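Note sheet for the following structure.
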Amino acid sequence: MKKVTILVPCYNEAKSLHFLYAELKALMDEEKGYNWEVLFVNDGSRDNTLEIIRDLQSRDKRICFVDLSRNFGKGNAMLAGFDYATGDCVVILDADLQDPPSLIPSMLKEWE
C-alpha cells in the first residue's frame, strides 16, 4: 500500500489546526487505500501551535512533526518537511484551509 505524506508548514496556526485536523482525519479515515502521514513543520510559532500538534500526535499515530528552532519562512519549512517525509508522494497544504483537503483524492488519482 502506498503512503501519502500531507506536509503542513505552520507559523502561528493555533486557531486553525483543530479545524484542519478534523478535515484531514475524515479524509484519511474515508480513503483507506493509502497509508497516511500528516507532517506538521512548526516554523518557529510564538503561539501554542506546537502544543496543539503534540496533542494531536498523542491521539493519532499518523501525526508527526518537525519543530524548527526559529522562523525560517514557509519555503524553508517545506524543504525541511521534504527531508522528513516518508511517503511515496507529498501533498503540501496550508494550515489555514486555504487549500481544501477534499481535493486530495482527485490529486492522488492524477498522481496514480
Side-chain angles (χ1 to χ4, degrees):
M1 189 177 301
K2 293 179 181 172
K3 185 174 187 178
V4 176
T5 297
I6 300 172
L7 172 58
V8 185
C10 298
Y11 180 69
N12 296 335
E13 302 289 353
K15 292 180 181 177
S16 63
L17 286 179
H18 288 291
F19 297 108
L20 173 65
Y21 174 70
E23 289 202 27
L24 291 176
K25 182 179 184 319
L27 168 76
M28 294 184 297
D29 290 347
E30 184 176 316
E31 296 288 329
K32 298 190 183 295
Y34 297 98
N35 288 323
W36 295 94
E37 168 183 64
V38 179
L39 176 58
F40 290 101
V41 179
N42 183 42
D43 190 21
S45 295
R46 294 182 178 176
D47 63 1
N48 64 333
T49 294
L50 182 60
E51 289 78 16
I52 292 170
I53 294 169
R54 284 185 170 142
D55 178 60
L56 293 173
Q57 183 188 44
S58 73
R59 294 185 280 138
D60 190 333
K61 294 182 189 323
R62 300 172 293 192
I63 304 295
C64 51
F65 68 91
V66 174
D67 184 30
L68 302 180
S69 62
R70 64 175 179 83
N71 180 258
F72 288 93
K74 182 179 179 179
N76 287 323
M78 287 187 300
L79 288 173
F82 290 146
D83 286 340
Y84 288 90
T86 63
D88 297 300
C89 74
V90 176
V91 176
I92 302 169
L93 285 182
D94 286 342
D96 63 2
L97 290 167
Q98 176 179 324
D99 307 312
S102 61
L103 295 177
I104 293 174
S106 61
M107 293 170 61
L108 293 176
K109 285 179 186 169
E110 292 295 322
W111 171 63
E112 291 282 0

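Heavy-atom basis, side chains included; hydrogens, waters and symmetry copies ignored. Numbers here simply count residues along the sequence, with the first being 1. Remember, it's a predicted structure, so these values are computed and weren't measured experimentally.
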TODO: Check the pair Leu20 / Phe40 against side-chain contact (heavy atoms from CB on, under 4.5 Å), numbers first and verdict last.
DONE: CA-CA 11 Å; Leu20 173 65; Phe40 290 101; 4.0 Å; yes

Open item on the list: Between Asn71 (side chain only) and Gly44 (backbone N and O only), is there a donor and an acceptor less than 3.5 Å apart?
Closed with: no

Open item on the list: Counting only heavy atoms not in Arg46 (residues, nucleotides, ligands), do more than 12 fall under 6.0 Å from its CZ?
Closed with: no

Task: Spacing of Ile53 atom CD1 and Ser45 atom OG [to the nearest 0.5 Å] - done: 6.5 Å

Task: Test item: Asp47 side-chain N/O and Ala14 main-chain N/O as donor-acceptor pair under 3.5 Å - done: yes

Open item on the list: Pair Cys64, Glu37 - check side-chain contact (heavy atoms from CB on, under 4.5 Å), show working.
Closed with: CA-CA 7 Å; Cys64 51; Glu37 168 183 64; 3.4 Å; yes

Open item on the list: Grouping I, L, V, M, F, W and Y whenever their side-chain heavy atoms are under 4.5 Å apart, do Val90 and Ile104 come out in a common cluster?
Closed with: no

Task: Transitive ILVMFWY side-chain link Leu17 to Leu68, under 4.5 Å - done: no

- [ ] Group every Ile, Leu, Val, Met, Phe, Trp and Tyr by side-chain heavy-atom contacts under 4.5 Å, then state whether Trp111 and Leu27 land in the same group.
- [x] yes

TODO: Taking only Lys NZ, Arg NE, NH1 and NH2, and the carboxylate oxygens of Asp or Glu, determine whether Asp94 and Lys74 approach each other closer than 4.0 Å.
DONE: yes

TODO: With rounding to the nearest 0.5 Å, note down the distance linking CG in Asn48 to NZ in Lys15.
DONE: 10.5 Å

Open item on the list: Using the rule that Ile, Leu, Val, Met, Phe, Trp and Tyr join whenever any side-chain heavy atoms are under 4.5 Å apart, tell me whether Leu24 and Ile92 fall into a single cluster.
Closed with: no

Open item on the list: I'd like to know if Leu56 and Tyr11 are part of one continuous hydrophobic network [Ile/Leu/Val/Met/Phe/Trp/Tyr, side-chain heavy atoms within less than 4.5 Å].
Closed with: no

- [ ] Carefully, step by step, assess Tyr21 and Asp60 under the rule side-chain contact (heavy atoms from CB on, under 4.5 Å).
- [x] CA-CA 10 Å; Tyr21 174 70; Asp60 190 333; 2.7 Å; yes

Task: Contact summary for Ser16 and Ala95, nearest pair of heavy atoms - done: OG-O, 3.1 Å

Task: Min side-chain heavy-atom separation Ile6-Arg62 under 4.5 Å - done: no

Open item on the list: Is the shortest side-chain heavy-atom distance between Leu108 and Cys89 below 4.5 Å?
Closed with: yes

Task: Sole candidate of Val41, Val66, Leu93 that passes side-chain contact (heavy atoms from CB on, under 4.5 Å) when paired with Leu7 - done: Val41

Open item on the list: So, taking the atom named NZ in Lys32 and the one named CE in Met1, what distance separates them when rounded to the nearest 0.5 Å?
Closed with: 10.0 Å

Open item on the list: Could you measure the distance from the CD atom of Glu51 to the CZ atom of Arg54? Nearest 0.5 Å is fine.
Closed with: 7.0 Å

- [ ] Give the intermediate values and the outcome of side-chain contact (heavy atoms from CB on, under 4.5 Å) for residues Leu50 and Phe65.
- [x] CA-CA 9 Å; Leu50 182 60; Phe65 68 91; 3.7 Å; yes

Task: Trp36 side chain vs Glu31 backbone, donor-acceptor pair below 3.5 Å - done: yes

Open item on the list: Counting only heavy atoms from other residues, nucleotides and ligands, does the tally under 6.0 Å from CZ of Phe82 exceed 12?
Closed with: yes

Open item on the list: Side chains of Glu13 and Thr49 only: does a donor on one sit below 3.5 Å from an acceptor on the other?
Closed with: no

Task: Residue Lys3 excluded, over 12 heavy atoms near NZ under 6.0 Å - done: yes

